[in-house]
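Only one structure is covered here, and it is reproduced in the block below.
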Amino acid sequence: RAKAEGRNTHRIFDPAMDEAEAGRRDIGRELRRAIAEGGLDLHFQPQVRATTGAVLGFEALVRWTHPSRGSIPPSTFIPLAEETGTIVTLGEWVLRTACSEAARWANPLKIAVNLSPRQFQQEDLPDLILGILTETGLSPARLEIEVTETAIFADMSRALSLIRRLKALGISIAMDDFGTGYSSLATLQAFPFDKIKIDRSFVGQVGSSPQAAVIVRTVLGLGRNLGIGVVAEGVETADQRDFLIAEACDELQGYFFGRPQPIERFASLVHGAAAEALPRNDARAEAA
Ligand code: C2E
Ligand code: MG
Ligand code: MG
Ligand code: MG
């Protein structure tokens, strides 16, 4: 295709485009260096049981602090890494770092890791993950992989076989950003997801948009009837939490419960010194 275009079109010199392209190449190169030289970090965001507030696990979210540009959001560099293929190296780093971190925790909490569409094209992904689990000693039952519909639509039959192989390892699979894709319902029918994560664009509006409230309620019913767990993403207020509890949502995640932060901030949760955070000792759990 690129070849055909090269034959039929004339490249017109466009300084602005040239500059943007050069900038992207710089960032791409700097990202590869950051991966190699320890310039990336993981932050962790708690996922809690809705009824008790007990922490069930964390989602790992990658962070990049550029030496001169400062912190660059994943919404900027993940798509770039995806285009350039750097995502494969980056994703492997995220998986290995998240798993080895979780393996050190005293409490066997879950760890959720995002996988990008391109990683999901890797035929050897199950072997890679199995290798990382073996190497780090993390139990597969504690690992959850989050994928979006984009990852699945590139090649549905391949995605299905990949998901089956991952599940056979004992890993669970969550569908991220549910409701924002093209055909969420068809995807639910065809793929054996353990969990769906309702996108925060709906969750954030349950108090202000009757439509959003209906959509969230409907997705919760869908999950219940299909036997799939539902997580609400982006819970920011007590009102949103109360709505979700009233609608029998299983799990919640969002700034209300904790922002993504370095794991040191959650030391008492993962190592068990903060007894009130554990389900058994949670005062709210007793009340429930
Ligand atoms: P995501 O997987 O849907 O992650 C949730 C995003 O929502 C995170 O943004 C998180 O910080 C943000 N968030 C959580 N709670 C709230 C809330 O209450 N309010 C608001 N406004 N936002 C909230 P973040 O860390 O900027 O990541 C953005 C996206 O970048 C992620 O969306 C994911 O698609 C991608 N990403 C992040 N880390 C990785 C990674 O390690 N690998 C891959 N492949 N993608 C990643
Ligand atoms: Mg996610
Ligand atoms: Mg999401
Ligand atoms: Mg997202």
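Both counts, for ligands and for their atoms, begin at 1 and track the order of listing. Residues: numbered from 1 along the sequence shown.
- Contact atoms of ligand 1 toward Glu233: 3 (O), 5 (C) (distance under 4.0 Å to a heavy atom of the residue).
- Listed by chain and number, the residues in a side chain to side chain contact (heavy atoms under 4.5 Å, CB included) with Ile87 are Ile78, Ala81, Glu82, Leu90, Ser116, Arg118, Gln119 (sequence neighbours excluded).
- In summary, the atoms of ligand 1 found under 4.0 Å from a heavy atom of Gln45, numbered by their order in the structure, are 14 (C), 15 (N).
- Residues Phe77 and Val62 are in side-chain contact: their nearest non-hydrogen atoms beyond the backbone lie under 4.5 Å apart.
- Residue pairs that meet the salt bridge (Lys or Arg N to Asp or Glu O under 4.0 Å) test with at least one member in residues 37-47, sequence neighbours left out, do not exist here.
- Side chain of Asn107 to backbone of Leu269: a donor-acceptor contact under 3.5 angstrom is found.
- Close contacts of ligand 1 with Ser116, meaning ligand atoms under 4.0 Å from a residue heavy atom, involve 44 (N).
- Within the structure, ligand 1 lacks Arg259 among the residues with a heavy atom less than 4.0 angstrom away.
- With a 4.0 Å cut-off on non-hydrogen atoms, Arg200 touches ligand 1 through its side chain and not its backbone.
- When each atom of ligand 1 is checked for a heavy atom of Asp176 under 4.0 Å away, the hits are 1 (P), 2 (O), 3 (O).
- Less than 4.0 angstrom separates some heavy atom of Pro74 from each of these atoms of ligand 1: 24 (P), 25 (O), 26 (O), 27 (O), 30 (O), 37 (C).
- Within the listing of ligand 1, atoms 43 (C), 45 (N), 46 (C) sit less than 4.0 angstrom from a heavy atom of Ile78.
- Draw a line from the Mg ion (ligand 2) to OD1 of Asn114 and another to OE2 of Glu59, and the angle between them is 90° (to 10°).
- Checked against a 3.5 angstrom limit, the closest N/O atoms of Val62 and ligand 1 fall inside it.
- Less than 6.0 angstrom separates the ring centroid of Phe58 from the ring centroid of Phe266.
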